[in-house]
Amino acid sequence: MMHRILFCCILSFCALFCVAGCAVQTPAPLQNSAQESFQLFKKQYCTPVSALGMSTSASLSWYKEKKSARVLLDFWGNFPHNTACAVFRMDAWSHLSGTLCSIVENSSGITALYLDPLEAYTSADPKNTYKLGLPLPLALSDIASLLINDFSPLISHSFDTAYVTNEGWVFSFAQGAVSRLQLDFQNRPLFMEGTLTSGIQNGKKCWRINFSHYEKSPKNGVFQASRLDIYVPPSSSGILRIKARELTLEPWQAKALQLKLPEHTKMLSLDSLDANQSLQIPEKP
């Protein structure tokens, strides 16, 4: 009789265990109001750094229609509060082919140098970076700020509307480069969206960046996304994986930020191109 009772108890325990294991997980409890969540986000992610310069290395896998490529990216430059030399540089390269493209952003706009063929593209609008064939919908300086966890150049000081989902608060903004931002319940960015201001006559104009693979910064304890999934209309997407990032107490010297154009470089304007005419992904690996 005792064996029978013990057997029934074991069966009941197993049944309870299975039910608990298969139960549908409920959303995390709502701990903060929209205003509280937004203020906590701003405290962690919208504080301009005190450093004068930065350097970051990353890999970029991107896709456009039926083409794809993978390159390595090096970012370096000085932040705007170093007004003597507010310049950002980026090199796109591969181990087999060397440098594929070099870009500089300064007070005059952007200049991008391609070595094969030898051409330089210029634009007075630094946000035209996406026309260079890379899925980067923001100015080089804004991308650099994102890579070191500073969203302040992109996010408005206050939000227009907000609603909550199972993942966290979603905010919309009437002004600023970002029109929509979602945070998780730890007030970390999950995605942000904005609109291209030029280059698309018809069709979708909304770009999007998803943030994931968070790691805690050893310096200030703030979580930093190490992967950015990017979509740029009409048909470009990419995965940016951050390999290393560093802030510099001293500004980069002007010589390190210069982009020298070789003799006989053909000069072209980016402003005359729309998104469908943007530069092609390099054929080289």
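What you see below is based on every heavy atom in this structure, not just the backbone, and it leaves out hydrogens, waters and symmetry mates. Please read these numbers as outputs of a predicted model, since none were measured by experiment.
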(message) Could you measure the distance from the OG1 atom of T99 to the OH atom of Y114? Nearest 0.5 Å is fine.
(response) 12.5 Å
(message) I'd like to check V87 versus N78 (side-chain heavy atoms, cut-off strictly below 4.5 Å). Are they in contact?
(response) no
(request) To the nearest 0.5 Å, tell me how far K43 NZ sits from Q39 CD. (result) 10.5 Å
(message) For residues L270 and L268: do they belong to one hydrophobic cluster (side chain heavy atoms under 4.5 Å, members Ile, Leu, Val, Met, Phe, Trp, Tyr)?
(response) yes
(message) Could you report the tightest heavy-atom contact between A144 and M54, atom names first, then the distance?
(response) O-CE, 3.7 Å
(message) Treating R89 as the side-chain partner and Q258 as the backbone partner, does any N or O pair qualify as donor plus acceptor under 3.5 Å?
(response) yes
(request) Say whether, by atom type as modelled, one donor and one acceptor occur between the side chain of N32 and the main chain of E36 under 3.5 angstrom. (result) no
(request) Is it possible for you to say whether M267 and V104 belong to one hydrophobic cluster, with membership spreading through side-chain heavy-atom contacts below 4.5 Å? (result) yes
(message) As a quick check of understanding, evaluate side chain to side chain contact (heavy atoms under 4.5 Å, CB included) for W207 and M192, giving each step before the final call.
(response) CA-CA 9 Å; W207 55 262; M192 67 182 189; 4.1 Å; yes
(message) With a 4.5 Å cut-off on side-chain heavy atoms, are L52 and E250 touching?
(response) no
(request) Begin from the C-alpha positions of I148 and V49 and carry the test side chain to side chain contact (heavy atoms under 4.5 Å, CB included) through to its verdict. (result) CA-CA 9 Å; I148 53 93; V49 296; 3.8 Å; yes
(message) Would the distance check show the side chain of S37 and the main-chain N or O of S33 forming a donor-acceptor pair, the cut-off being under 3.5 Å?
(response) no
(message) Does R227 form a side chain to side chain contact (heavy atoms under 4.5 Å, CB included) with I239? I'd like the steps, not just the answer.
(response) CA-CA 7 Å; R227 171 170 166 163; I239 301 174; 3.5 Å; yes
(message) Looking at Y231, I'd like to know if the NZ or CZ of R208 sits under 6.0 Å from its six-membered ring centre while staying within 45 degrees of the ring's axis.
(response) no
(request) If the plane angle is over 60° it's perpendicular, under 30° parallel, otherwise tilted; pick one for W76 and W252. (result) tilted
(request) Would you please test D91 and S102 for side chain to side chain donor-acceptor pair (under 3.5 Å) and show each step? (result) CA-CA 4 Å; D91 280 352; S102 297; 2.8 Å; yes
(message) Are I242 and L228 packed together at the side-chain level, in the sense that at least one heavy-atom pair is separated by less than 4.5 angstrom?
(response) yes
(message) According to salt bridge (charged side-chain N to carboxylate O under 4.0 Å, His left out), does anything in residues 137-158 pair up with another residue at least two apart or in another chain? List the pairs.
(response) none
(request) State, with a plain yes or no, whether a side-chain heavy atom of Q224 is found less than 4.5 Å away from one of R245. (result) yes
(request) Would you indicate whether the side-chain heavy atoms of I103 and C101 approach each other to under 4.5 Å? (result) yes
(message) Centre-to-centre under 6.0 Å for F151 and F211, is that the case here?
(response) yes
(message) Could you check whether any side-chain heavy atom of F88 comes within less than 4.5 Å of a side-chain heavy atom of L257, counting everything from C-beta outward?
(response) no
(request) Measure across N166 and F185 and return the closest heavy-atom pair with its distance rounded to 0.1 Å. (result) O-CE1, 3.3 Å
(message) Could you measure the distance from the OG atom of S235 to the NZ atom of K64? Nearest 0.5 Å is fine.
(response) 5.5 Å
(message) For Q182 and T165, which I'm curious about, is there any donor-acceptor pair between the side chains at under 3.5 Å?
(response) yes
(message) Set out, in order, the CA-CA distance, both residues' side-chain angles and the distance that settles side chain to side chain donor-acceptor pair (under 3.5 Å) for S141 and E105, then state yes or no.
(response) CA-CA 7 Å; S141 54; E105 177 189 322; 2.8 Å; yes
(message) To check you understand the geometry: which heavy-atom pair defines the closest contact between I230 and P135, and what is its length?
(response) CG2-O, 3.2 Å
(message) Quick check: closest heavy atoms across L247 and A51, and the distance to 0.1 Å?
(response) CB-CB, 3.7 Å
(message) Looking at every non-hydrogen atom in both residues, tell me the closest pair between P233 and L196 and how far apart they are.
(response) CG-CD1, 3.6 Å
(request) Under the side chain to side chain donor-acceptor pair (under 3.5 Å) rule, collect the residues that match up with Q44, sequence neighbours excluded. (result) none
(message) To the nearest 0.5 Å, what is the distance between CZ on R241 and CG on L60?
(response) 9.5 Å
(request) Identify the two heavy atoms, one from A58 and one from L240, that lie closest to each other, and give their separation to 0.1 Å. (result) CB-CD1, 3.8 Å
(message) For a side chain to side chain contact (heavy atoms under 4.5 Å, CB included) check, start with the C-alpha distance between L181 and L190, then their side-chain angles and the critical distance, and finish with the verdict.
(response) CA-CA 8 Å; L181 168 73; L190 291 181; over 6 Å; no
(request) With rounding to the nearest 0.5 Å, note down the distance linking OG1 in T56 to CG in D74. (result) 9.5 Å
(message) For F41 and Y45, take the angle between the two ring planes, folded into 0 to 90°, and tell me which bin it lands in: parallel under 30, tilted 30 to 60, perpendicular over 60.
(response) parallel
(request) Would you mind reporting whether L138 and L136 have side-chain heavy atoms less than 4.5 Å apart? (result) no
(request) Calculate, to the nearest 0.5 Å, the distance between atoms CG and CH2 belonging to L115 and W93 respectively. (result) 14.5 Å
(message) So if I apply the ring-ring contact (aromatic ring centres under 6.0 Å, His included) rule between F171 and each of F191, Y163, F159, which one comes out positive?
(response) F159
(message) Determine whether a donor-acceptor pair (N or O, by modelled atom type, separation under 3.5 Å) exists between the side chain of T265 and the backbone of P262.
(response) yes
(request) Say whether F223 and L146 are linked into one hydrophobic cluster, either directly or through other cluster members, by side-chain heavy-atom distances under 4.5 angstrom. (result) yes
(message) Applying side chain to side chain donor-acceptor pair (under 3.5 Å) to N128 and S123, what does each step give before you reach the verdict?
(response) CA-CA 7 Å; N128 276 336; S123 175; 2.9 Å; yes
(request) Return yes if some donor-acceptor pair links the side-chain N/O of T248 with the main-chain N/O of P251 below 3.5 Å, else return no. (result) no
(request) Kindly work out whether a path of hydrophobic side-chain contacts (I/L/V/M/F/W/Y, heavy atoms less than 4.5 Å apart) joins I155 to V222. (result) yes
(request) Tell me, please, whether F173 has R180 positioned over its six-membered ring: NZ or CZ under 6.0 Å from the ring centre and within 45 degrees of its axis? (result) no
(message) Is there a path of hydrophobic side-chain contacts, each under 4.5 Å between heavy atoms, that joins L113 and L72?
(response) no
(request) Please test T161 against S172 for side chain to side chain donor-acceptor pair (under 3.5 Å), starting from the C-alpha separation and ending with a verdict. (result) CA-CA 5 Å; T161 61; S172 63; 2.3 Å; yes
